[in-house]
Protein chains: 2
Amino acid sequence: MRAISIGQLAKAAGVGVETVRFYERKGLLDAPPRKESGYRQYDADAVERLKFIRRAQLVGFTLKEIQDLLALRDDPDARRADVRERAAAKVADIDAKVRDLLAMRASLTTLLATCEGDGPASDCPIITAFRDEGRNEHTERSCEHGEGED
Amino acid sequence: MRAISIGQLAKAAGVGVETVRFYERKGLLDAPPRKESGYRQYDADAVERLKFIRRAQLVGFTLKEIQDLLALRDDPDARRADVRERAAAKVADIDAKVRDLLAMRASLTTLLATCEGDGPASDCPIITAFRDEGRNEHTERSCEHGEGED
DNA sequence: TTACACCCCGTACCTCGGTACGGAGTCAAG
DNA sequence: CTTGACTCCGTACCGAGGTACGGGGTGTAA
């Protein structure tokens with residue numbers, strides 16, 4: 001099953017055919033080889049790449065940033081200082097995102113735990129693991145409805 | 001120093017004045033009280049809310065989703081089943097994002113670790129590290145979000 | 001060979017999340 | 001009082017990230 005069509009690729013990655021062509025135009029996907037007819041021929045690797053793009057989008061990276069990430073991943077000479085620097089910067093970006101997500105998660109699980117009245121569901125290890133490296137204070141609200149901006 | 005102007009609010013949260021008004025129109029920020037002159041008067045709480053919106057955006061939530069998150073946070077009766085359900089669903093969303101981010105992070109740090117010195121770039125396992133993270137649908141909503149060995 | 005789904009390309013169009021006017025009133029300093 | 005920064009509101013416009021034609025060619029199974 002080497003060489004799949006654009007339709008099969010799109011389906012495998014859960015996107016539309018038009019989107020695949022759009023990504024190609026934007027440079028996120030390389031132009032694949034073509035059949036005599038002009039039909040694009042993809043391999044399984046393209047599926048992974050496409051899935052990666054979608055996941056990266058879900059966590060807030062722009063297509064431009066995703067291009068950078070893919071470039072890092074594909075760079076044939078990863079020892080170059082600038083590549084390492086960009087990779088390190090991306091790691092920092094990711095850490096910031098994870099911190100923010102975990103802060104949000106903590107708020108929500110606190111909400112759930114408190115309002116379920118059912119015991120400490122907030123002993124989730126990942127929360128405690130990351131919690132105290134967070135620098136930003138966060139408005140943790142409980143069930144008490146002391147709300148209302150006024 | 002209660003009651004800050006829209007300009008001070010915007011500056012405090014690192015956004016533009018127009019953006020604040022835009023969020024108000026969209027329902028992400030409540031319409032604040034006004035002075036006689038019609039000038040909006042915000043309090044410190046609004047700063048937090050605005051910062052939260054920005055952080056949520058950075059990790060890929062849409063304004064609509066952020067509205068939901070804020071609604072959960074502000075809900076005066078968090079014991080209602082549907083509220084808890086939506087909160088749990090958001091936690092699941094967050095977990096999925098965190099998983100994806102940690103997978104990306106792992107790939108990048110592997111790149112950094114491996115390619116730091118003087119090994120040939122072709123040995124860099126980042127390419128293989130990316131390639132098969134089994135993409136399961138995210139249906140779980142508990143604290144166990146086994147990152148797995150990836 | 002005819003039918004029907006799939007692919008080609010280009011262009012137009014759409015939503016989301018803002019940004020930028022522009023003409024008016026407000027407020028604090030000088 | 002004047003000046004300049006800030007605010008009001010409405011409307012127009014913008015870039016990102018797609019989505020939808022439309023008119024053609026292709027591939028395959030009955």
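Here is how names work: the chains are called A, B, and so on, in the same order as the sequence lines, proteins then strands, and each is numbered from 1.
- In this structure, the separation between OG1 on B:T19 and CG on B:L28 is 11.5 Å, given to the nearest 0.5 Å.
- Side chain B:Y39 to base D:dC6: a donor-acceptor pair is found below 3.5 Å.
- Here C:dC7 presents its P atom at 10 Å from CG of A:L9, a figure rounded to the nearest Å.
- Between the CD atom of B:Q67 and the P atom of C:dC16 there is a distance of 12 Å, given to the nearest Å.
- A:Q8 has its CD atom 10 Å from the P atom of C:dC6, to the nearest Å.
- To the nearest 0.5 Å, the span separating CZ on B:F22 from CZ on B:R25 amounts to 7.0 Å.
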- line: Contact string for nucleotides 9-20 of chain D, one letter per nucleotide 5' to 3', B = base within protein heavy-atom range under 4.0 Å, S = sugar-phosphate only, - = neither, reads BB------BBSB

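- A donor-acceptor pair under 3.5 Å is formed between the side chain of B:E65 and the backbone N or O of B:T62.
- Protein atom NZ of B:K35 is 11 Å distant from nucleotide atom P of C:dT26, rounded to whole Å.
- Side-chain N/O atoms of A:S5 include none lying less than 4.0 angstrom from OP1 or OP2 on C:dC6.
- Counting to the nearest Å, the C1' atom of C:dT19 and the CD1 atom of B:I6 are 14 Å from each other.
- Both A:V17 and B:E36 lie near DNA chain C, and the one whose nearest nucleotide falls closer to the 5' end is A:V17.
- In this model, the phosphate group of D:dG27 is approached by a side-chain N or O of A:S37 to a distance below 4.0 Å at OP1 or OP2.
- B:R49 forms no cation-pi arrangement with B:Y42, by the criterion of a distance under 6.0 Å to the ring centre and an angle within 45° of the ring axis.
- Classification of A:R99 and A:D95 as a salt-bridged pair fails, no side-chain N sitting under 4.0 Å from a carboxylate O.
- Minimum heavy-atom separation, B:A78 to A:L111: CB-CD1, 3.3 Å.
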